There are 2 protein chains.
Amino acid sequence: MHETGKAEPMARHSGPAPTLATVADVAGVSRQTVSNALNSPHLLRPETLERVQQAIDSLGYSPNRAARNLRTRSSHLIGLRVDPALEGTANVTMDRFLHSLVESSKDAGYHVLLFSSEGYVDEATVHGVDPVAGYEDLLRSTAVDAFVVTDTYRGNPQAGWLESRDAPFVAFGRPWDVPAATHPWVDVDGAAGVALAIDHVVERGHTRIAWVGWQKNSFIGEDRRSGWVESMHGHGLSTSRLSARGEDTVAFGRRAALALLETERPTAFVCVSDTVAMGVLHALQESDLRPGRDIAVVGFDDSVAAQVVPPGLTSVRQPLEQVAREIVNLLGQRLSHKPIEQPGRLLSPTLTVRSSS
Amino acid sequence: MHETGKAEPMARHSGPAPTLATVADVAGVSRQTVSNALNSPHLLRPETLERVQQAIDSLGYSPNRAARNLRTRSSHLIGLRVDPALEGTANVTMDRFLHSLVESSKDAGYHVLLFSSEGYVDEATVHGVDPVAGYEDLLRSTAVDAFVVTDTYRGNPQAGWLESRDAPFVAFGRPWDVPAATHPWVDVDGAAGVALAIDHVVERGHTRIAWVGWQKNSFIGEDRRSGWVESMHGHGLSTSRLSARGEDTVAFGRRAALALLETERPTAFVCVSDTVAMGVLHALQESDLRPGRDIAVVGFDDSVAAQVVPPGLTSVRQPLEQVAREIVNLLGQRLSHKPIEQPGRLLSPTLTVRSSS
DNA sequence: AACAGGAATTGGATCGATCCAGATGCACGA
DNA sequence: TCGTGCATCTGGATCGATCCAATTCCTGTT
């Protein structure tokens, strides 16, 4: 064979798209044989396979998705709900995660379908977002094979609902409130991540290390906080009066830092999120303190903001690429009705050190 | 009827999912009549419609997507390629745009399907991303009805390719390099956005206003820059030696600002992107200059980073929600074979003022 | 030469919706 | 009474793939 490049599909005429039957005619075999060439090539004699393959290439044929979906009762689509992002929150998690999920899904032969919750509001949920809105439709119309549900600040109410309908799904986030839940999940060990941060600032000589976290009703927030508490005690340091809790906003981070600076004079702030950490940076700037020189600050999520804010914010980084891979992995097991080896996987984050510490 | 809540689908037994034929049986009508109840209710007598509706509700029926897609030759899916985001770039654009697109699509009865370019690399494109990778497959297998292609830094090579295959698509971004292109597009007037920024800082009393932009080969970059040039001249101000060009990184922004500060002493920096603007902020911090007090800085994109960085970065905000609406709108026209009234729409950005100016 | 047994291949039925052409019912005017 | 016309409803064919059961082709054995 000469170097004539790839066998380009040569779409001679833009007539009706070729079907499996067209290919069968051209190759001089039956429809089933073409189907086998696509799905179970080992059933064909090598020379037959070759002949079919050439017909496929020359026609530029791709199997019609709808027909395949109808027959196999599966769409090879994974549904992911994207909720309205809160402006002013450095929640970069979604962006990075989404890319990784699309990549991993592709490798497994799936595509990601996005849907939203808005517009499904009924009386019961005029305020706030109905946690199961949008899932029902896609499920009933067999538009997707499975869902990926991501944990929110407060937990994961979708999981129970989906489980009760035995809809296939994998959660990003542990079943905090229902330890008995049996669905597959993947999560990142927040406490371990915060412990990394503490070790890091302790190594830098800090002893008065404050925690700026979320409210008590946030499972994730309390998990991360426990990392602070235990790591501090492990280092023989006191946590007394060094903790603040509030919402996930820049404003809260700023207020909390100003208050702590005034009363307790911590030399380091470890924060539950980058958003809150940015608030701390605001406070330092207003107090003419230089992050990284006068006071250390560590965030959580390694968001874009952390990467670009001067002088660079040290932050706990979740292994989202790995999370996505594991999720797709578990999804594959779930969809092929394999017994799930291990329903939950807890991954370890890393620490990205920048100049703020 | 009493207040018994909504007529909940009462999924008695989780047997086989109900089909249109099931509904027809229950309602005592033919399949076609059920189909009409769904797609052309005006064809039914009111009492028949009511009867069918009740059967649908009581069975919890939703039409099977695959079957419908097969018959109608359309998937009601819109394809969007997500390219690997560059870490350390404050490109928040995608996140906000994606949400808006999902919302708008939903209103029009569409869903968004994500796909990626990786893994399609062949000899010709080992380095860099093949601009048309991934489209081919989805197109041939009729997996999506249309594409949304988003402009990149350098232009939009996909557009021409898709147009040549007459694949339905709408571009976010003007056909810079092919003014004769006839495909529908939506774009934001970057020059006008920068002009807003200039007006703003001029009003604040600045006269030595520097431009920190992208390289000459970026159409978008040059468009934004032209806003600076023209607005400056409109105000009777000089642009001489006040311009820097480079790549879209924090590092470049910092270098450019330091160089300009040393030689030209501008009092304001207007930047082509938030990423570059963050670099400028770094430079100011290193030079012990306070943004918003000593020197004004304006970014472009109104990214999360701009919102949370202390003290808050003034930035040009693209009306992405409106962009998404227009895109879906044009897509609808294109798909219903209506003549497109006006192939291109140029929208105006706004300026979000924060403390950096 | 006859035959078992596996490999390779085939044609009809099927998934669940919509399209299409035709059938039925009904009201109205001639 | 008999069409005529319109609104309403029906059953068979169809979209393009895969499932299934059955058939043909090989090859080696006795």
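On a predicted model such as this, the values are computed, not experimentally measured, just so you know. Order of the sequence lines sets the chain letters (A, B, ...), proteins ahead of strands, with each chain counted from 1.
Looking at which nucleotide of DNA chain D each of B/Pro46 and A/Thr72 is closest to, the 5′-most match is held by B/Pro46. Of the residues near DNA chain D, B/Leu44 and B/Ala67, the one whose nearest nucleotide (by heavy atom distance) lies more toward the 5' end is B/Leu44.
No N or O donor and acceptor, one from the side chain of B/Arg45 and one from the base of C/dG25, sit under 3.5 Å apart. For D/dT18, the base has no donor-acceptor partner in the side chain of A/Arg68 [N/O atoms by modelled type, under 3.5 angstrom]. A donor-acceptor contact under 3.5 Å is not formed by the side chain of A/Arg71 with the base of C/dG16. Below the 3.5 angstrom threshold, one finds a donor paired with an acceptor across the side chain of A/Arg31 and the base of D/dT18.
The distance from atom CG of A/Asn69 to atom C1' of D/dC15 is 13 Å, rounded to the nearest whole Å. Going from atom CG of B/Leu38 over to atom C1' of C/dC19 covers 16 Å, rounded to whole Å. Computed from coordinates, the A/Arg73 CZ to C/dG16 C1' distance equals 8 Å when rounded to whole Å. Whole-Å rounding puts the B/Asp25 CG to D/dG11 C1' distance at 14 Å. If you take CD of B/Gln32 and C1' of C/dT24, they are 15 Å apart, rounded to a whole angstrom. Computed from coordinates, the B/Arg65 CZ to D/dG16 P distance equals 21 Å when rounded to whole Å. Spacing between atom CG of A/Leu70 and atom C1' of D/dC19 amounts to 12 Å, rounded to whole angstrom units. Following rounding to the nearest Å, B/Asn36 (CG) and D/dA7 (C1') show an atom-to-atom distance of 12 Å.
Looking only at atom types and distance, the side chain of B/Gln54 has a donor-acceptor partner in the side chain of B/Glu50 under 3.5 Å away. For the residue pair A/Glu136 / B/Ser62, no side-chain donor-acceptor distance below 3.5 Å is found, with atom types taken as modelled. If you check the side chains of A/Arg65 and B/Ser141, you find a donor sitting under 3.5 Å from an acceptor.
For D/dT18, the OP1/OP2 oxygens have a side-chain nitrogen or oxygen of A/Ser35 closer than 4.0 Å. Remark: A/Thr33 is not in phosphate contact with C/dA8, judged by side-chain N or O atoms under 4.0 Å from OP1 or OP2. Between B/Ser30 and D/dC9 there is no side-chain N or O to OP1 or OP2 distance below 4.0 Å.
Nearest heavy atom pair, residue A/Ser100 against residue A/Leu320, reads CB-O, 3.9 Å.
Note on B/Thr19: only backbone sugar-phosphate atoms sit closer than 4.0 angstrom, heavy atoms only; bases stay farther off.
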Side-chain donor-acceptor contacts of residues 328-335 of chain B below 3.5 Å, not counting sequence neighbours, with atom names and distances?
none

